[in-house]
Amino acid sequence: TGVAMMKFKSPPVNSLSLEVLTEFSISLEKLENNRACRGVIITSAIPKIFSSGLDITEMCGKSLEHYTEFWRAVQEMWLRLYGSNMVTVAAVNGSSPAGGCLVALSCDYRIMAESPKFSIGLNEAQLGIVAPFWFKDTFVNIVGHRIAERSLQLGSLHPAPEAHRLGLVDELVPEEKLMEKAAAVMAQWLALPDHARQLTKTMMRKAVLDRLVAHREEDIKNFISFTSKESIQKSLRMYMEMLKKRK
Amino acid sequence: TGVAMMKFKSPPVNSLSLEVLTEFSISLEKLENNRACRGVIITSAIPKIFSSGLDITEMCGKSLEHYTEFWRAVQEMWLRLYGSNMVTVAAVNGSSPAGGCLVALSCDYRIMAESPKFSIGLNEAQLGIVAPFWFKDTFVNIVGHRIAERSLQLGSLHPAPEAHRLGLVDELVPEEKLMEKAAAVMAQWLALPDHARQLTKTMMRKAVLDRLVAHREEDIKNFISFTSKESIQKSLRMYMEMLKKRK
Amino acid sequence: TGVAMMKFKSPPVNSLSLEVLTEFSISLEKLENNRACRGVIITSAIPKIFSSGLDITEMCGKSLEHYTEFWRAVQEMWLRLYGSNMVTVAAVNGSSPAGGCLVALSCDYRIMAESPKFSIGLNEAQLGIVAPFWFKDTFVNIVGHRIAERSLQLGSLHPAPEAHRLGLVDELVPEEKLMEKAAAVMAQWLALPDHARQLTKTMMRKAVLDRLVAHREEDIKNFISFTSKESIQKSLRMYMEMLKKRK
């Protein structure tokens with residue numbers, strides 16, 4: 001059918017580690033270069049969680065070289081996904097904070113399981129850190145400046161119904177209908193001639209993609225200098241402790 | 001009353017041919033220079049159709065000189081209408097795809113006949129072509145980035161009620177009340193002091209107008225090189241065949 | 001509690017005179033430099049009016065030096081408020097036209113008394129003048145381009161329920177609950193780590209703040225040359241006469 005399926009499967013919570021991100025980018029690149037593949041549906045193989053976002057252990061107590069490599073992998077994943085020529089549909093079958101939210105935001109269309117137990121958002125501020133400007137740009141392109149400003153400052157995680165009301169996801173369906181709906185949406189988008197659709201997508205997204213490309217090294221430096229701060233390291237360690245206790 | 005009325009009247013479907021566009025721009029210029037005229041209502045004299053958009057016969061099997069002249073006329077029309085000092089109200093009394101939609105989007109206010117049989121949108125992608133960046137800029141200024149991205153990629157034609165929900169048109173009224181409503185809206189806008197209103201309009205629209213002015217020749221080159229492609233010529237011929245069969 | 005309260009109290013209608021603006025900026029600066037202060041609630045001590053906006057007597061029949069000093073004070077107030085590191089909540093307990101609206105728009109969150117008798121908006125066009133570009137930028141960041149374009153051209157004053165529908169204010173509450181609600185919202189925002197929240201706020205607002213900083217002298221010149229025009233002076237005098245008769 002020309003449609004690929006990518007499922008996050010890194011127990012327990014689909015953290016985006018350096019390894020996962022690298023694998024994700026390579027898979028995307030392969031699909032992109034495969035002329036038979038015109039669209040990809042992204043979902044999770046783990047119940048209740050789409051992706052918990054960037055793996056915090058990659059940002060804690062590691063070398064500067066490691067931080068550099070990790071951040072470049074995060075950038076690479078986003079550049080490939082947000083700039084993909086394929087139709088990209090996120091079937092958000094669980095919670096999706098921070099980097100997990102970014103993955104969903106970077107697709108062409110977001111369908112979410114309608115349970116209010118699942119939430120989505122760029123909650124970086126809650127952890128004492130700041131979403132990078134290109135996370136913000138992606139978010140603003142979807143929900144507009146005002147909703148983004150408030151949501152990012154509060155680090156909000158929006159339950160599915162609220163996320164839908166804000167425009168953060170396009171559609172809610174019962175969880176058991178999610179894949180069926182994703183396939184139907186994909187068919188609708190693939191009905192368009194690829195070339196015209198791709199040029200249109202590029203026209204809409206190029207400004208924001210170009211901004212990261214132009215400031216990529218600077219963005220890495222910012223990430224490293226921010227993350228290396230003792231106060232930030234402490235915040236992240238505390239957050240990880242809290243997560244461990246929760247289990 | 002200081003209000004002019006312009007009615008598209010090019011049977012069968014108010015295509016925007018080179019001739020129609022040129023006449024439209026000249027009429028606008030005359031009204032603009034007429035101090036007695038402060039506003040213009042744009043509508044159609046043909047039932048069920050506002051305007052079917054750019055005349056595809058002008059883009060098919062013609063010389064490069066012709067394409068250049070045609071595209072310059074499209075640009076000219078938009079620069080005059082979107083940048084008009086007059087109050088411009090679109091009374092959309094029928095369907096309005098592609099270039100027809102652009103005309104409506106370029107006015108200060110859009111009232112549409114409420115019938116769900118009438119639709120409006122920038123459906124270029126459906127034809128295998130791409131809306132130019134300034135069509136897109138005009139669209140984004142009205143409905144925001146997200147709605148524009150989705151609608152342009154899908155080449156959506158939105159039935160009137162949906163167009164109203166998306167903010168693509170400002171108001172729906174029964175068809176028989178359309179002109180009455182347009183006159184009432186015009187009176188409301190003309191109650192403002194012209195000078196302050198005009199300066200405010202310029203402040204809101206200048207960035208987008210300037211962008212085309214700065215890239216006008218490049219935009220013509222893009223149009224020609226895209227339109228001249230054999231694959232695009234084929235798409236357009238197929239589309240025209242389909243339209244002929246429909247009749 | 002780390003929360004300051006600022007109340008406009010310049011009878012009869014909380015006009016923003018040079019003196020009031022200067023005092024406001026100095027107060028903000030002091031709070032900003034006070035490490036114990038993390039948030040400020042802005043409201044009015046005068047019933048039915050939040051602030052009537054810039055004091056027109058400062059713009060009428062004065063010297064160019066005076067206009068310069070006045071306009072610089074308006075800019076200064078906005079730069080401090082829109083760029084504040086504190087959490088800023090507007091408790092809009094009455095009408096808030098023009099400059100009064102700008103004060104509310106520059107806060108992080110706006111709660112308004114729900115009475116439809118109270119209205120808010122940038123109504124400059126009604127007076128024959130034009131909102132400066134940074135008033136417009138602040139407005140667009142909140143309600144988007146389309147609503148801003150229409151509202152600014154018409155110089156609309158939106159009754160509280162409409163203002164809420166448009167996103168111009170975030171929440172409506174009965175007037176007697178206003179301060180309680182403002183305190184609750186403030187507590188919610190202060191629950192976030194200051195540093196992450198501040199960096200996020202800067203990321204969202206910097207582009208618009210920088211634009212005024214870069215064009216500050218030019219903006220003053222524009223204000224003076226526009227305001228000094230005999231036609232504008234006449235409009236403002238007429239408006240003041242009308243206000244006097246109303247009392």
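Proteins come first, then strands; the chains are lettered A, B, ... in the order of their sequence lines, and each starts at number 1.
- The environment of Glu19(C) atom CD is sparse: at most 12 non-hydrogen atoms of other residues, nucleotides or ligands sit within 6.0 angstrom.
- In this structure, CD1 on Ile129(C) lies 9.5 Å from OG1 on Thr200(B), to the nearest 0.5 angstrom.
- Counting non-hydrogen atoms of neighbouring residues, nucleotides and ligands closer than 6.0 angstrom, the CE atom of Met238(C) reaches no more than 12 such neighbours.
- Contact residues of residues 173-197 of chain B toward chain C are Gln188(B), Trp189(B), Leu192(B), Pro193(B), His195(B), Ala196(B), Arg197(B) (heavy-atom distance under 4.5 Å).
- By the neighbour-count criterion of 12 heavy atoms within 6.0 Å, atom CD of Glu114(B) is densely surrounded, having more than that number from other residues, nucleotides or ligands.
- The residues Lys201(B) and Glu149(C) are annotated as not salt-bridged, no charged nitrogen and carboxylate oxygen being separated by less than 4.0 angstrom.
- With rounding to the nearest 0.5 Å, the separation of CE in Met203(B) from CD in Gln153(C) is 9.0 Å.
- Going from atom CG of Asp170(B) over to atom CZ of Arg150(C) covers 5.0 Å, rounded to the nearest 0.5 Å.
- In this structure, the separation between CE on Met204(B) and NZ on Lys136(C) is 6.0 Å, given to the nearest 0.5 Å.
- Atom NZ of Lys229(C) sits in a crowded spot, with more than 12 heavy atoms from other residues, nucleotides or ligands closer than 6.0 Å.
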